[in-house]
Number of protein chains: 2
Amino acid sequence: MTSAAKTPASEPSGADPAEPTARQAAVLDAVLTLLQEKGGQLTMTAVARQASCSKETLYKWFGDRDGLLTAAVQWQASRVRAGSYDRQKLDASSLRDSLSDFAANWLSVISSATSIALNRVAIAHAASKQSNLGQIVLDNGRFAIGDRLKPVLEEGRAAGLLAFDDTEAAFRTFFGLAGRDVQIRLLLGDKLKLGKAEIARDAAAATDQFLTLYGRAAPAPATA
Amino acid sequence: MTSAAKTPASEPSGADPAEPTARQAAVLDAVLTLLQEKGGQLTMTAVARQASCSKETLYKWFGDRDGLLTAAVQWQASRVRAGSYDRQKLDASSLRDSLSDFAANWLSVISSATSIALNRVAIAHAASKQSNLGQIVLDNGRFAIGDRLKPVLEEGRAAGLLAFDDTEAAFRTFFGLAGRDVQIRLLLGDKLKLGKAEIARDAAAATDQFLTLYGRAAPAPATA
DNA sequence: AACGAGCCGTACCGTACGTTACGGTTCGGT
DNA sequence: ACCGAACCGTAACGTACGGTACGGCTCGTT
């Protein structure tokens, strides 16, 4: 973004990632791989070598270094979006399972090497540049899970299983109970092994705590 | 830390910050100021200009860029350490006040421009270099507040006001309830104004939730 | 007054890296 | 078979910045 306003290359220079070609996806995978292995010292030369492509191609496809980083973040985000958790039946048990699944999934994501690396570069970017990398990561992380979880919470409320006034506040409580200090510790380099067993246990514990705070035993129809 | 094992300058090259001179403290303040204003693009030249000193002096005092950053982090940490919360009387009301104070203080710290800037550089460092900046920030942030809060929790348990098995787990729950998504959002550049009123309200709410999960109404002497 | 330590300001050096340019190769279209 | 587009590999350029050297100034000491 140092001297933009050039010929916008093919297409991924704008804010719309559209769909990268298979070859471009391979390049972006190389970026993600290098990001995890080498950390912040990601150079265009290293990307070109890892992806077996020329730097000229990188600049033609992605404009500049920021464009490449942005495309990589969006590429990773596009593959994280998945499970839509189709709710029909909604009883106390299935609600608990849904919440626990959400917490476990979130813990898995934020403790993955890819997520840690991407959050680090986005945070480093937010420190100096004006680029929207941080916003992109937020939109596909914190806010995306909020958008997916809030409907579940509201269905739970409609079914009389949960009680709260502010959906956003309830979600943020759940977010805090599930994540606690995990993300900041990992971002700061703390060794913190989270195996599947720990994640499942912590997710269940967070769900229990959330239900203690917001749960209602049985459907309570109508108003007060 | 790039090529240590030189003549260790005066003294702040090791792990012991000891006590910086007034002049050195002014330099470190300049670092913190620049870190907030300019973000990650902190250059030695800019520090020298801001502090009205020569680069030669910076290198004599702090060894290299990492040494300067480390000293700045520890300098900031040394001034954050304060309130020891001397507990003698401990009833339900004072426990609630203590917890709420802790939460409010923590929210104030992590939402301050200085903390955000320091956490960003520490995270960026944790990404590439092997430096212990991230560990220093963790020790003076997350772990420091844990060491100060855990005794309060255990006194509360001894007084029959709280019930938990694992002090660490109880603290992490409190940490999550208080912090929720605040820190990650701020680090990623999200606009999130936290005034004194919001902090006080959120701290009180987190305390209420924590007491709902872990509180016991009255002293319950002896075992079951 | 003379001296030396410490420090400021600045010029300078070496390197890393983003970005560009260019020659050579592959490959689909005609 | 020929052409042009796309792309690979690499050399080259410009700049930013960490680190060093040095001349001059200030100030405390004798």
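Treat the numbers as computed from the prediction; the structure is a model and nothing was measured. Chain naming here is simple, since letters A, B, ... match the order of the sequence lines and numbering starts at 1 in each.
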**Asked** Among residues 44-55 of chain A, which contact DNA chain C at a heavy-atom distance under 4.0 Å?
**Response** M44(A), K55(A)
**Request:** Could you state the atom-to-atom distance from CG of L58(A) to C1' of dT19(C) in whole Å?
**Result:** 11 Å
**Asked** Minimum heavy-atom separation for A72(B) to V31(B), with atom names?
**Response** CB-CG1, 3.7 Å
**Message:** Ring-plane angle category for W106(A) and F175(A), please: parallel below 30°, perpendicular beyond 60°, tilted otherwise.
**Reply:** tilted
**Request:** Round to a whole Å and report the spacing from CG of L34(B) to P of dC17(D).
**Result:** 13 Å
Distance-only donor-acceptor hits, side chain of residues 193-206 of chain A, under 3.5 Å, sequence neighbours excluded:
| residue | atom | partner | partner atom | Å |
| --- | --- | --- | --- | --- |
| E198(A) | OE1 | G195(A) | N | 2.9 |
| D202(A) | OD2 | R180(A) | NH2 | 3.1 |

**Asked** Just wondering, do V121(A) and L42(A) contact through their side chains at under 4.5 Å, heavy atoms?
**Response** no
**Item:** Listed nucleotide nearest any side-chain atom of T43(A), set dT19(C), dC8(D), dC17(C)
**Value:** dC17(C)
**Asked** When the distance from OH of Y59(A) to C1' of dC8(D) is rounded to whole Å, what number comes out?
**Response** 16 Å
**Message:** Closest approach to the side chain of K60(A), judged atom by atom: which nucleotide of dC8(D), dC7(D), dT20(D) is it?
**Reply:** dC7(D)
**Request:** Could you check L42(A) against E56(A) and say which one's nearest nucleotide on DNA chain C is further toward the 5' end?
**Result:** L42(A)
**Message:** From CG of D66(A) over to P of dC17(C), roughly how many Å is that when rounded to an integer?
**Reply:** 16 Å
**Item:** Atom pair distance, as rounded to whole Å: CZ in R23(A) and C1' in dC27(C)
**Value:** 15 Å
**N/O donor-acceptor pair under 3.5 Å between N140(B) side chain and I136(B) backbone** = yes
**Asked** Side-chain contact, heavy-atom cut-off 4.5 Å: L153(A) with L99(A)?
**Response** yes
**Message:** Looking at dA6(D), I'd like to know if its phosphate oxygens (OP1 or OP2) sit under 4.0 Å from a side-chain N or O belonging to W61(A).
**Reply:** no
**Item:** Between C1' of dA6(D) and CD of Q24(A), the distance in whole Å
**Value:** 12 Å
**Contacts of R120(B) that satisfy salt bridge (Lys or Arg N to Asp or Glu O under 4.0 Å) - sequence neighbours left out** = none
**Prompt:** Separation of R65(B) atom CZ from dA16(C) atom P, in whole Å?
**Reply:** 16 Å
